[in-house]
**Q** 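Questions regarding the structure given below will be posed in turn.
Worth knowing before you read on, the calculation uses all heavy atoms, side chains too, and leaves out hydrogens, waters and symmetry mates. Order of the sequence lines sets the chain letters (A, B, ...), proteins ahead of strands, with each chain counted from 1.
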2 protein chains.
Amino acid sequence: MPYSPTGALTTLPAGHPCEDCPVRPITICRSLEARTLADMRRMGNMQRLQPDQPVLHEGDPAKRVFMLTLGALKIYTLLGDGRRQVTGFMFPGDFLGITRDEEYAFTIEALRPSELWWFSREAFDRFVEANPSVERELYKMAAHELAAAQQQMVLLGRKTAAERVASFFLNLLQRGERVSGRTETRFNLPMSRLDMADYLGLTKETVSRMLAELRDRRLIRLETQSRVEVLDRAGLADMAEGHRAA
Amino acid sequence: MPYSPTGALTTLPAGHPCEDCPVRPITICRSLEARTLADMRRMGNMQRLQPDQPVLHEGDPAKRVFMLTLGALKIYTLLGDGRRQVTGFMFPGDFLGITRDEEYAFTIEALRPSELWWFSREAFDRFVEANPSVERELYKMAAHELAAAQQQMVLLGRKTAAERVASFFLNLLQRGERVSGRTETRFNLPMSRLDMADYLGLTKETVSRMLAELRDRRLIRLETQSRVEVLDRAGLADMAEGHRAA
DNA sequence: CGCTCTCTTGAAGAATATCAACGTGAGTGG
DNA sequence: CCACTCACGTTGATATTCTTCAAGAGAGCG
């Protein structure tokens, strides 16, 4: 069982179309931004994806590096009997497939119509080699990912179903705010209830029930099935942190 | 809530006294090994710790970097009401406290009498600056940590209690083998049942029951309360991956 | 040798999963 | 453009796993 680094490294290209609300911490990473994005455009190949179409499979030789420019992706691992854990969602500006292993260690699929740019691992390695500061940026990004992963361990190991959903929504809201640069009260859910459930270590039914509970407590409103308005942000934060209101 | 990178970065100083069986993937990281270890010895300050004594607290200003040379540590996060998630254990050769944040994002405590070397963040940063290849090594280590974190998410999100304990034991066994360089059938448990439980997202009672189950299935034997002999490695692996024997 | 803390085991309870049925809305084709 | 349809989402009833509460056993230490 190979150890398999770094599926998604997140960075935010300034002014990128980020119509879907992202969930992970973003490293504002100016050196990469300016240069990598430009180079990627020049050297890279654009690829479009339809929902459920895979970007890469666990076990595939790790020959490419990708940057998502439009849409949304999910990254997941399967157990032998089909149980699935979604370990993250990816949004425009995120890098994926960066690894030092021979093979990818997870599967990444499109949630909705998406656009991404890829280039070969060799080209990426050359680029990193030629730009030493990029190494530092990669490390920063990995460190951010690691911090997010630790928060997710707390969520999965110790939070109740309601707390998990509240935490998730708060993260989505906050990422939306980082993207737009201003306070938000709404966000999108580009993933299905099942994807949410597999990310939060729950079933889709439990997710649905917790949505109903947050709604009934007047913490959120479901504008549509995939768009949420936050009515009581402080209350949502309290619930996320386990300040358990009866 | 600050994002808080990289509590533990793991590397293995060759030939280090690693009497306790470690749990995380080890990056054999020769460039750091040879130079950092020597420098750390020269520049560093040695510190001894008794069980339960903290190395650092969540929220402390992140002014030092540590290397564990003897003993074992746990790293954890608390929720407001006292629920605790242990996000990792650390063993000789592991680096800790490396972060780009102003504050540490978690608490680290000794499990047993331990010895560690620290030096100031400035000294560490200078060292990294002066040795560009170290940046790459740090990135590698972070990537390994990230891979381990993703495996842990699968464990916490989707595995049953028995599978979690089996997975944990398999990891401990494998780390012991990486340390010794040969096949092992035994390993130590330097942490309490409660620490294991908080690492695996369970209660100490459930951990105890799962130990009994693994024992009754003749997969393991408890030589003492803190030393395990693996009787059926393949069976343990099957259980860890959820090939659910009735 | 006894004390205390941890660990184990048992019984009852709670949270979430599972199974099942019913809505609902987005997309499609008429 | 509307209606149909099917997948997705919601809700309800029951089952299961794990937790909680409680008590007893074992191990380490003064």
**Q** Do A/R209 and D/dG12 have a side chain to base donor-acceptor pair shorter than 3.5 Å?
**A**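 Such a pair is found, so the answer is yes.
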**Q** To the nearest angstrom, how far is A/L202 atom CG from D/dT16 atom C1'?
**A**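 It is 16 Å, rounded to the nearest whole Å.
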**Q** Taking OP1 and OP2 of D/dT17, is either one under 4.0 Å from a side-chain nitrogen or oxygen of B/R164?
**A**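 The answer is no; no side-chain N or O of B/R164 sits under 4.0 Å from OP1 or OP2.
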**Q** For DNA chain D, please output the secondary structure as dot-bracket, reading 5' to 3'. Pairs are Watson-Crick or G-U wobble, both atom distances under 3.5 Å; mark crossing pairs with [ ], other-strand partners with |, unpaired with a dot.
**A** ||||||||||||||||||||||||||||||
**Q** Which part of the nucleic acid does B/S192 contact within heavy-atom distance under 4.0 Å: base, sugar-phosphate only, or nothing?
**A**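 Answer is sugar-phosphate: B/S192 comes under 4.0 Å of backbone atoms only.
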**Q** Is the B/F95-B/F66 ring centre distance short of 6.0 angstrom?
**A**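 No: the rings miss the under 6.0 Å criterion.
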**Q** For the pair made of CG in B/L189 and C1' in D/dA27, what is the distance, rounded to whole Å?
**A**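 In whole Å, D/dA27 C1' lies 15 Å from B/L189 CG.
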**Q** Could you tell me how far apart B/L222 (CG) and D/dA25 (C1') are, to the nearest whole angstrom?
**A**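 For the pair B/L222 CG and D/dA25 C1', the rounded distance is 15 Å.
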**Q** CD of A/E163 versus C1' of C/dA15: gap in Å, rounded?
**A**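 These atoms are roughly 12 Å apart.
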**Q** Output every pair passing salt bridge (Lys or Arg N to Asp or Glu O under 4.0 Å) with a member in residues 201-213 of chain B, not counting sequence neighbours, ordered by first then second residue.
**A**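 Listed by first then second residue: B/E213-B/R217.
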**Q** Between C/dT18, D/dT19, C/dT16, which nucleotide gets closest to the side-chain atoms of B/T203?
**A**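 The closest nucleotide is D/dT19.
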**Q** Residues two or more places apart in sequence or in another chain: which of them pass side-chain hydrogen bond (donor to acceptor under 3.5 Å, both in side chains) with A/T77?
**A**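 side-chain hydrogen bond (donor to acceptor under 3.5 Å, both in side chains) list for A/T77, sorted by chain: empty.
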**Q** Which atoms of nucleotides 20-25 of chain C (N or O only) lie under 3.5 Å from a protein N or O atom, and what are those distances?
**A**
none

**Q** How close or far is atom P of C/dT6 from atom CG of B/D198, stated in whole angstroms?
**A**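 After rounding, the reported distance stands at 13 Å.
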**Q** What integer distance in Å separates B/K159:NZ from D/dT17:P?
**A**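 Answer to the nearest Å: 18 Å.
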**Q** Please name all residues satisfying salt bridge (Lys or Arg N to Asp or Glu O under 4.0 Å) with B/E177, sequence neighbours left out, ordered by chain then number.
**A**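 Counting only residues at least two positions away or on another chain, B/E177 forms a salt bridge (Lys or Arg N to Asp or Glu O under 4.0 Å) with B/R233.
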**Q** Taking for each residue the nucleotide of DNA chain D bearing the nearest heavy atom, is the 5' side occupied by A/T206 or by A/R158?
**A**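 Looking at DNA chain D, the more 5' nearest nucleotide goes with A/T206.
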**Q** Without hydrogens or angle criteria, can the side chains of A/Y76 and A/E109 be said to hold a donor-acceptor pair below 3.5 Å?
**A**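 A donor-acceptor contact under 3.5 Å links the two side chains.
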**Q** Indicate, with a heavy-atom threshold strictly under 4.0 Å, whether A/S208 touches base, sugar-phosphate, or nothing.
**A**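 Touches a base.
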**Q** Quick one: salt bridge (Lys or Arg N to Asp or Glu O under 4.0 Å) partners of B/E58, sequence neighbours excluded?
**A**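 Salt bridge (Lys or Arg N to Asp or Glu O under 4.0 Å) list for B/E58, sorted by chain: empty.
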**Q** List in chain and number order the residues that pass salt bridge (Lys or Arg N to Asp or Glu O under 4.0 Å) with B/R48, two or more places apart in sequence or in another chain; answer none if no residue qualifies.
**A**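 Applying salt bridge (Lys or Arg N to Asp or Glu O under 4.0 Å) to B/R48 gives B/E115.
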**Q** Mind calculating the distance between CG (B/L194) and C1' (D/dT19) to the nearest angstrom?
**A**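 Rounding to the nearest Å, CG of B/L194 and C1' of D/dT19 are 14 Å apart.
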**Q** Provide, to the nearest angstrom, the distance between the CZ atom belonging to B/R112 and the P atom belonging to C/dT6.
**A**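 Whole-Å distance recorded here is 15 Å.
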**Q** Can you list the residues that meet the side-chain hydrogen bond (donor to acceptor under 3.5 Å, both in side chains) rule with B/S180, with sequence neighbours excluded?
**A**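 Only B/E184 meet the side-chain hydrogen bond (donor to acceptor under 3.5 Å, both in side chains) criterion with B/S180.
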**Q** Check salt bridge (Lys or Arg N to Asp or Glu O under 4.0 Å) between A/R84 and all other residues, then give those that pass, not counting sequence neighbours.
**A**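 By the salt bridge (Lys or Arg N to Asp or Glu O under 4.0 Å) rule, A/R84 matches A/D195, A/D198.
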